[in-house]
Each structure stands twice: as structure tokens, then as C-alpha cells.
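We're numbering straight along the sequence, starting at 1. Remember, it's a predicted structure, so these values are computed and weren't measured experimentally. Computation of the quantities below employed the complete heavy-atom set of this structure, encompassing side-chain atoms and omitting hydrogens, waters and symmetry-equivalent molecules.
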Amino acid sequence: MRAAILTLSDKGARGEREDVSGPALNDWLTRQGVVVECMSLIADDFGQIVSTLEKWTEAPAYDLIVTTGGTGVSPRDLTPEATAKVIERELPGFAERMRQESLKKTPHAIISRAIAGIRRRTLIINLPGSPKGATENLEAIWPAVPHAIAKIQGDPSDCATS
């Protein structure tokens, strides 16, 4: 599986804050056997997020794109809106599961607006901006991610064997 990580942070893009979520996700994904081929940090800019996601889903596309940051309710938190503009089909179960698991740890999880969906042959998942939140959310949904990617890319096998 080939993946890309997109960190959204105005302060990070200006060099005022170190990106720790992107590297944490890189480490976590690598431990799962995923090849992270691209990591990028950009500002919370709607147009830039859209163009990056579109570019990364063009041939040769990544199998998985995870974003980190911009999923809250601050005025500059635009990641879900930019992702919604790019995806062709939403997968609400991923976001539901992430919020469900996060609510066990913090009441603030209820304000997460993260979404997940499909563009072409790529699965895109929005994750929180904190390293702990990002990795915990990804871990909560990971059992379904490889299967979802296989199906997105045309795997004709049955989903259940019994």
C-alpha cells in the first residue's frame, strides 16, 4: 500500500510550529507495512488543500491519503469542506467510528468534523491535528482500511467468506 500524509497548519506552514503529527502518522503507518511516499505540510487554505488532494489522486495515485489538522470548528478549519469537494463518494462509517472511539477519551471529540471518502482509486481520511488523536483515530479504523482500499481498486472477491 502506497500512502501520502498531508498536514494542514497555518503556523506550521509559516515555520512557527513543528509538524509532529505527520511524522507520528508516518511512523505508525510504516509499522503497519505501508510505504509512505509523500509527506507535505501546507497552510489551512481551501484551494491549496483541494489542489493537493486532486493532484495526489491522479495517476499514479496513492492508495491512501491521510490528512491531519483542520477538522475542528475554528474559522480556518477547512479540511472537511475541501475533502468533500474532492471526493466522489463519502464513507461515513470511518468518521463515525473515529468519533465513537475518541469520545471514550475526550468530550471534545464530538466537535470533530473529519470525513472520509473515495476519489478515483484512493481512500482519503481526515484525522485530528494532534499526534495522539491522529494515530488513535487511524488505529480505530485500521482494520477496515486495507479491505476498503482493495474494494475501491476493484477487488472482485466476496466481502464475507461465511
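- No path of Ile, Leu, Val, Met, Phe, Trp and Tyr side chains, each step under 4.5 Å between heavy atoms, connects I115 with I141, placing them in separate hydrophobic clusters.
- We find the CG-CD1 distance between L91 and I125 to be 8.5 Å, quoted to the nearest 0.5 Å.
- A side chain to side chain contact (heavy atoms under 4.5 Å, CB included) with M1 holds for exactly one of I149, V36, L123; it is I149.
- Here the shortest heavy-atom pairing between T68 and G22 reads CG2-N, 4.2 Å.
- Shortest non-hydrogen contact noted between F94 and A148 is CZ-CB, 4.0 Å.
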Inset, instruction - Given side chain to side chain contact (heavy atoms under 4.5 Å, CB included), test S9 with R17 step by step and report yes or no. - result: CA-CA 8 Å; S9 170; R17 176 185 295 157; 4.1 Å; yes
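- Linking Ile, Leu, Val, Met, Phe, Trp and Tyr residues whenever their side-chain heavy atoms come within less than 4.5 Å places Y62 and V50 in a single cluster.
- For the residue pair P131 and A24, the shortest heavy atom distance occurs at CB-CB, 3.9 Å.
- Around atom CD of E18, no more than 12 heavy atoms belonging to other residues, nucleotides or ligands sit under 6.0 Å away.
- Using a 4.5 Å heavy-atom threshold, the side chains of D44 and L78 count as separate.
- Side chain of T67 to backbone of L6: no donor-acceptor contact under 3.5 angstrom is found.
- Applying the 6.0 Å contact sphere to CZ of R89 captures no more than 12 heavy atoms from other residues, nucleotides or ligands.
- For the atom pair OG of S112 and CG of N137, the computed distance is 6.5 Å after rounding to the nearest 0.5 Å.
- At least one side-chain heavy atom of S157 sits less than 4.5 Å from a side-chain heavy atom of K151.
- What you find for A134 and P128 is that their closest heavy atoms are CB-O, 3.5 Å.
- A single hydrophobic cluster is not seen to contain both I5 and V35; linkage of ILVMFWY side chains at heavy-atom distances under 4.5 Å, directly or through other members, places them apart.
- Between the side chains of N126 and T83, at least one donor-acceptor pair of N or O atoms lies under 3.5 Å.
- The shortest distance between side-chain heavy atoms of E101 and E139 does not fall below 4.5 Å.
- From N26, atom CG reaches atom SG of C38 across 10.5 Å, with rounding to the nearest 0.5 Å.
- By the 4.5 Å heavy-atom criterion applied to side chains, L138 and L29 are counted as neighbours.
- Taking a cutoff of 4.0 Å between a charged side-chain nitrogen and a carboxylate oxygen, R113 and D77 do not qualify as a salt bridge.
- L25 is listed as a side-chain neighbour of T135, based on a closest heavy-atom distance under 4.5 Å.
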Legend entry - side chain to side chain contact (heavy atoms under 4.5 Å, CB included) evaluation trace for I49 with E81: CA-CA 10 Å; I49 298 168; E81 288 79 11; over 6 Å; no
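- The distance from the CE atom of M98 to the CD atom of E96 is 10.0 Å, given to the nearest 0.5 Å.
- Distance check, rounded to the nearest 0.5 Å: CD of E58 to OG1 of T122 gives 9.0 Å.
- Looking at heavy atoms from C-beta onward, Q32 lies out of side-chain contact with V145 at the 4.5 angstrom threshold.
- Of the listed residues (R121, R119, R120), just one forms a side chain to side chain donor-acceptor pair (under 3.5 Å) with T57, and that residue is R119.
- In this structure, the separation between NZ on K55 and OG on S40 is 8.5 Å, given to the nearest 0.5 Å.
- If you chain together hydrophobic residues whose side chains sit under 4.5 Å apart, I124 and M39 never meet in one group.
- Considering only heavy atoms from C-beta on, L8 comes within 4.5 Å of I42 through its side chain.
- Clustering ILVMFWY residues whenever any of their side-chain heavy atoms sit less than 4.5 angstrom apart, transitively, puts L64 in the very cluster that holds I152.
- When atom types are taken as modelled, the side chain of S74 and the backbone of R76 share no donor-acceptor pair closer than 3.5 angstrom.
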Inset, instruction - Test D19 against T7 for side chain to side chain donor-acceptor pair (under 3.5 Å), laying out the working first. - result: CA-CA 7 Å; D19 176 19; T7 301; 3.0 Å; yes
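- Contact of the V34 side chain with the W28 side chain is not registered, since no non-hydrogen atoms from C-beta on lie closer than 4.5 Å.
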